[in-house]
K.L.:
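Here it is, the structure, as structure tokens.
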Amino acid sequence: MNTFSVKAFGTEAPEADLKQLAISRRQVTSNDVEIDILFCGVCHSDIHTARNEWHGTKYPNVPGHEIVGRITEIGDKVTKFKVGDLVGVGCMVDSCRECESCKEGLEQFCEKGNIQTYNGHENQLNQQTFGGYSERVVVTEDFVLRVPENLDLAATAPLLCAGITTYSPLRHWKVGPGTKVGVVGIGGLGHMGVKLAKAMGAYVVVITTSMSKIEDAKRLGADDVILSNDEEQMKNNTNTLNFILDCVSAQHDINAYLSLLKRDGQLTIVGAPELPLPVAAFSLIPKRKSFSGSSIGGIAETQDMLDFCGEHNITSDIELIRMQDINMAYGRMLKGDVKYRFVIDMASLKS
Ligand code: NAP
Ligand code: ZN
Ligand code: ZN
């Protein structure tokens with residue numbers, strides 16, 4: 001298979017900083033499109049993976065799964081896109097397409113394992129997949145999304161992971177008018193959860209550890225705020241919420257958040273801390289509460305989410321950085337110091 005080399009940023013060991021590397025991409029085959037990457041969001045999963053916190057990271061690792069860019073080349077069998085189209089790529093670049101989940105449009109749950117945008121396995125080149133911290137990417141057209149034209153492109157990039165990861169469970173659990181929703185952890189995912197739940201018509205409560213985010217919560221669309229490290233506030237809000245979306249990236253006491261649910265309430269975790277979170281049986285039993293998880297969203301649902309954001313004029317609140325600033329950005333994210341998503345301007349890697 002023919003390949004070409006592109007500039008990228010990645011890491012060669014869990015404790016190493018990210019630096020510039022050269023990686024190989026496959027040349028466009030019949031069903032592929034080649035995308036010139038314009039912007040790439042920085043997800044906390046990029047940090048977990050670069051640092052091998054979930055184990056199994058193959059090095060070198062090039063993160064990045066919130067990609068937007070412009071199509072520069074298409075294969076001879078491509079029907080959905082043309083050269084010049086603005087498009088997005090999220091957390092997956094392929095799946096088996098044959099299993100029950102794939103047939104139902106739930107490729108994120110592919111029974112053979114979907115192919116992740118980075119740290120997956122690219123069969124064509126028999127190497128790990130490399131993500132969006134790079135100049136260009138080649139992706140089969142079925143895993144490429146249309147980006148609404150009315151939205152700011154850089155601020156749209158985070159929708160490809162943070163957007164769909166919060167949209168999908170909100171839809172699955174039928175959040176809407178009459179639902180009281182809590183969103184825990186107001187980072188990249190959490191702030192999108194607030195905006196999306198509000199646009200779906202829910203009453204939205206921000207649950208944060210950061211004093212500095214209280215003011216912002218209302219601007220993001222929240223109806224109320226709970227400072228989770230204030231015991232009094234937590235106690236006053238016991239048994240008040242129907243649904244909680246937990247977007248926290250680090251260890252936290254899940255039982256404290258479960259106490260905020262009403263009878264038959266549901267807490268869905270999308271945050272993926274490195275270590276297990278102990279759940280007390282008596283956090284669930286007395287009021288028939290449920291604790292569940294959710295993974296990104298399928299390709300069709302990702303397109304629905306982008307269209308929904310286009311209609312409602314929803315994008316991410318971003319801080320635009322240069323590729324060379326990525327190590328600083330990781331350090332700030334680990335301190336919860338980002339409002340609310342870093343997005344890399346890929347022109348900085350190309351110049
Ligand atoms: P992020 O921007 O770094 O935000 C994480 C937020 O968690 C922080 O802003 C902070 O919010 C809160 N937090 C951090 N440490 C905490 C602690 N010790 N206790 C309580 N709250 C704490 O991260 P992100 O990119 O949104 O990602 C969040 C998590 O979701 C990561 O683990 C990521 O890997 C995972 N993820 C999962 C999926 C999926 O499909 N399930 C997809 C994408 C990402 P406050 O300041 O408001 O407290
Ligand atoms: Zn992500
Ligand atoms: Zn499958």
Side-chain angles (χ1 to χ4, degrees), residues 40-51 53-54 63-67 90-92 94-118 131-132 157-169 182-194 206-214 216-217 220 222 225-229 245-254 256-257 268-275 277 292-298 302 316-319 329-342:
C40 184
V42 181
C43 178
H44 209 110
S45 302
D46 301 356
I47 305 180
H48 292 306
T49 308
R51 299 190 172 182
E53 287 171 2
W54 294 334
H65 59 202
E66 293 184 337
I67 298 169
C91 303
M92 301 180 282
D94 213 339
S95 70
C96 88
R97 303 165 187 238
E98 290 168 352
C99 73
E100 213 177 302
S101 295
C102 284
K103 282 191 181 144
E104 285 178 41
L106 297 168
E107 299 88 353
Q108 75 274 34
F109 304 123
C110 174
E111 275 124 65
K112 294 188 185 145
N114 66 67
I115 298 181
Q116 301 265 299
T117 303
Y118 58 79
L159 302 181
L160 275 304
C161 174
I164 184 60
T165 303
T166 50
Y167 181 89
S168 183
V183 182
V184 188
I186 310 304
L189 267 59
H191 94 292
M192 289 311 308
V194 173
V206 154
I207 306 164
T208 181
T209 60
S210 304
M211 288 284 261
S212 67
K213 295 179 187 169
I214 292 176
D216 267 1
L220 294 172
V225 190
I226 303 171
L227 193 59
S228 53
N229 35 32
L245 189 63
D246 179 341
C247 307
V248 175
S249 55
Q251 292 319 110
H252 57 294
D253 178 11
I254 206 75
Y257 299 100
T268 294
I269 191 161
V270 289
E274 181 179 358
L275 299 172
L277 304 169
S292 58
S294 186
S295 175
I296 49 173
T302 305
S316 177
D317 287 21
I318 65 160
E319 189 175 327
Y330 279 12
R332 281 185 50 196
M333 279 170 75
L334 289 167
K335 290 189 272 173
D337 175 25
V338 51
K339 286 188 174 172
Y340 282 90
R341 195 54 134 192
F342 289 114

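Order of appearance sets the numbers: ligands from 1, and atoms from 1 within every ligand. Model, not experiment: these values are computed from the prediction.
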K.L.:
Search all heavy atoms of V270 against all heavy atoms of S294 and return the closest pair with its distance.
P.N.:
CG1-O, 3.6 Å

K.L.:
Judged by modelled atom types alone, do S228 and T209 share a side-chain donor-acceptor pair under 3.5 Å?
P.N.:
no

K.L.:
Between E66 and R341, does the side-chain contact (heavy atoms from CB on, under 4.5 Å) criterion hold? Intermediate values first, please.
P.N.:
CA-CA 11 Å; E66 293 184 337; R341 195 54 134 192; 2.8 Å; yes

K.L.:
Should one rank E66, H191, Q108, Q251 by closest heavy-atom distance to atom 18 (N) of ligand 1, which comes out on top?
P.N.:
Q251

K.L.:
Does the side chain of K112 reach to within under 4.5 Å of the side chain of C99, using non-hydrogen atoms?
P.N.:
no

K.L.:
Got Y167 and T302 here, is their nearest side-chain heavy-atom distance under 4.5 Å?
P.N.:
no

K.L.:
Find out whether L334 and R51 are in side-chain contact, i.e. whether some heavy atom of one side chain is under 4.5 Å from a heavy atom of the other.
P.N.:
yes

K.L.:
For F342, does its backbone N or O pair with a side-chain atom of E319 as donor and acceptor, under 3.5 Å?
P.N.:
no

K.L.:
Are the side chain of S101 and the backbone N or O of E111 linked by a donor-acceptor pair below 3.5 Å?
P.N.:
no

K.L.:
Considering only non-hydrogen protein atoms, determine which one is nearest to atom 21 (N) of ligand 1 and report residue, atom name and distance to 0.1 Å.
P.N.:
V248 CG1, 3.4 Å

K.L.:
May I ask you to check whether C43 has an N/O atom sitting below 3.5 Å from an N/O atom of ligand 1?
P.N.:
no

K.L.:
Go through ligand 1 atom by atom and flag the ones less than 4.0 Å from a non-hydrogen atom of A250.
P.N.:
15 (N), 18 (N)

K.L.:
Would you check the N or O atoms of G188, main chain and side chain alike, for any that come under 3.5 Å of an N or O of ligand 1?
P.N.:
yes

K.L.:
Taking 2.8 Å as the limit, list every protein N, O or S atom around the Zn ion (ligand 2), by chain and residue number.
P.N.:
C43 SG, H65 NE2, C161 SG

K.L.:
Among all protein heavy atoms, pick the one closest to atom 24 (P) of ligand 1 and tell me residue, atom and distance.
P.N.:
H44 CB, 3.6 Å

K.L.:
For the atom pair SG (C43) and CE (M333), what is the distance rounded to the nearest 0.5 Å?
P.N.:
6.5 Å

K.L.:
Backbone or side chain, does any N or O of V338 fall under 3.5 Å from an N or O of ligand 1?
P.N.:
no

K.L.:
Counting only N and O atoms by type, is there a donor-acceptor contact under 3.5 Å from the side chain of S168 to the main-chain atoms of I164?
P.N.:
no

K.L.:
May I ask you to identify the nearest protein heavy atom to atom 39 (C) of ligand 1, giving residue, atom name and distance to one decimal place in Å?
P.N.:
T165 CG2, 3.4 Å

K.L.:
Could you give me the CA-CA distance, side-chain angles and deciding distance for I67 and T117, then say whether side-chain contact (heavy atoms from CB on, under 4.5 Å) is met?
P.N.:
CA-CA 10 Å; I67 298 169; T117 303; 4.0 Å; yes

K.L.:
Count, excluding waters, the protein N, O or S atoms that are closer to the Zn ion (ligand 3) than 2.8 Å.
P.N.:
4

K.L.:
Does some side-chain heavy atom of M211 sit less than 4.5 Å from a side-chain heavy atom of L227?
P.N.:
yes

K.L.:
Among protein heavy atoms, which sits nearest to atom 47 (O) of ligand 1, and what does the distance come to when rounded to 0.1 Å?
P.N.:
T208 OG1, 2.6 Å

K.L.:
Establish, from distance only, whether the side-chain atoms of H252 and D246 form a donor-acceptor pair under 3.5 Å.
P.N.:
yes

K.L.:
Nearest protein heavy atom to atom 11 (O) of ligand 1, by residue and atom, and its distance?
P.N.:
I186 N, 3.2 Å

K.L.:
Pick whichever of C91, S249, G271, A256 has a heavy atom sitting closest to atom 30 (O) of ligand 1.
P.N.:
G271

K.L.:
Would you check the N or O atoms of Y257, main chain and side chain alike, for any that come under 3.5 Å of an N or O of ligand 1?
P.N.:
no

K.L.:
Testing the 3.5 Å rule here: is there a donor-acceptor pair between the side chains of D46 and Y118?
P.N.:
yes

K.L.:
Could you walk me through whether I186 and L220 pass side-chain contact (heavy atoms from CB on, under 4.5 Å), step by step?
P.N.:
CA-CA 10 Å; I186 310 304; L220 294 172; 4.0 Å; yes

K.L.:
Show which atoms of ligand 1 fall inside a sub-4.0 Å distance from at least one heavy-atom site of W54.
P.N.:
34 (O)

K.L.:
For ligand 1, which atoms have a heavy atom of G185 less than 4.0 angstrom away?
P.N.:
7 (O), 11 (O), 12 (C), 47 (O)

K.L.:
When you compare ligand 1 with H252, is there at least one nitrogen or oxygen pair between them that comes in under 3.5 angstrom?
P.N.:
no

K.L.:
If you have a sec, work out which protein heavy atom is nearest atom 4 (O) of ligand 1 and how many Å separate them, to one decimal?
P.N.:
G187 CA, 3.3 Å

K.L.:
When you compare the side chain of V206 with that of K213, does any pair of heavy atoms fall below 4.5 Å?
P.N.:
no

K.L.:
Where is the nearest protein heavy atom to atom 28 (C) of ligand 1: which residue, which atom, and how far?
P.N.:
C247 O, 3.2 Å

K.L.:
Would I296 count as a polar contact of ligand 1, with the cut-off being nitrogen or oxygen pairs under 3.5 Å?
P.N.:
yes

K.L.:
Heavy-atom contacts with K213 under 4.0 Å: which atoms of ligand 1 show up? List them by number with element.
P.N.:
9 (O), 11 (O), 45 (P), 46 (O), 47 (O)

K.L.:
Taking the non-hydrogen atoms of R341, is any one of them nearer than 4.0 angstrom to ligand 1?
P.N.:
yes

K.L.:
How far is atom 46 (O) of ligand 1 from its nearest protein heavy atom, and which residue and atom is that?
P.N.:
S210 OG, 2.5 Å

K.L.:
Test your reading of the structure: does S294 have an N or O sitting under 3.5 Å from an N or O of ligand 1?
P.N.:
yes

K.L.:
Go through ligand 1 atom by atom and flag the ones less than 4.0 Å from a non-hydrogen atom of C161.
P.N.:
42 (C), 43 (C)

K.L.:
Just so I know, are the side chains of S249 and H48 near enough to count as touching, which here means a heavy-atom distance under 4.5 Å?
P.N.:
yes

K.L.:
Do I269 and I254 come close enough that some side-chain heavy atom pair is under 4.5 Å?
P.N.:
yes

K.L.:
Would you check if the side chain of T208 reaches a backbone N or O of S210 as a donor-acceptor pair within less than 3.5 Å?
P.N.:
yes

K.L.:
Let me see the working for C247 and V183 under side-chain contact (heavy atoms from CB on, under 4.5 Å), right down to the final yes or no.
P.N.:
CA-CA 7 Å; C247 307; V183 182; 4.3 Å; yes

K.L.:
Do the non-hydrogen side-chain atoms of K339 and D317 ever get within less than 4.5 Å of each other?
P.N.:
no

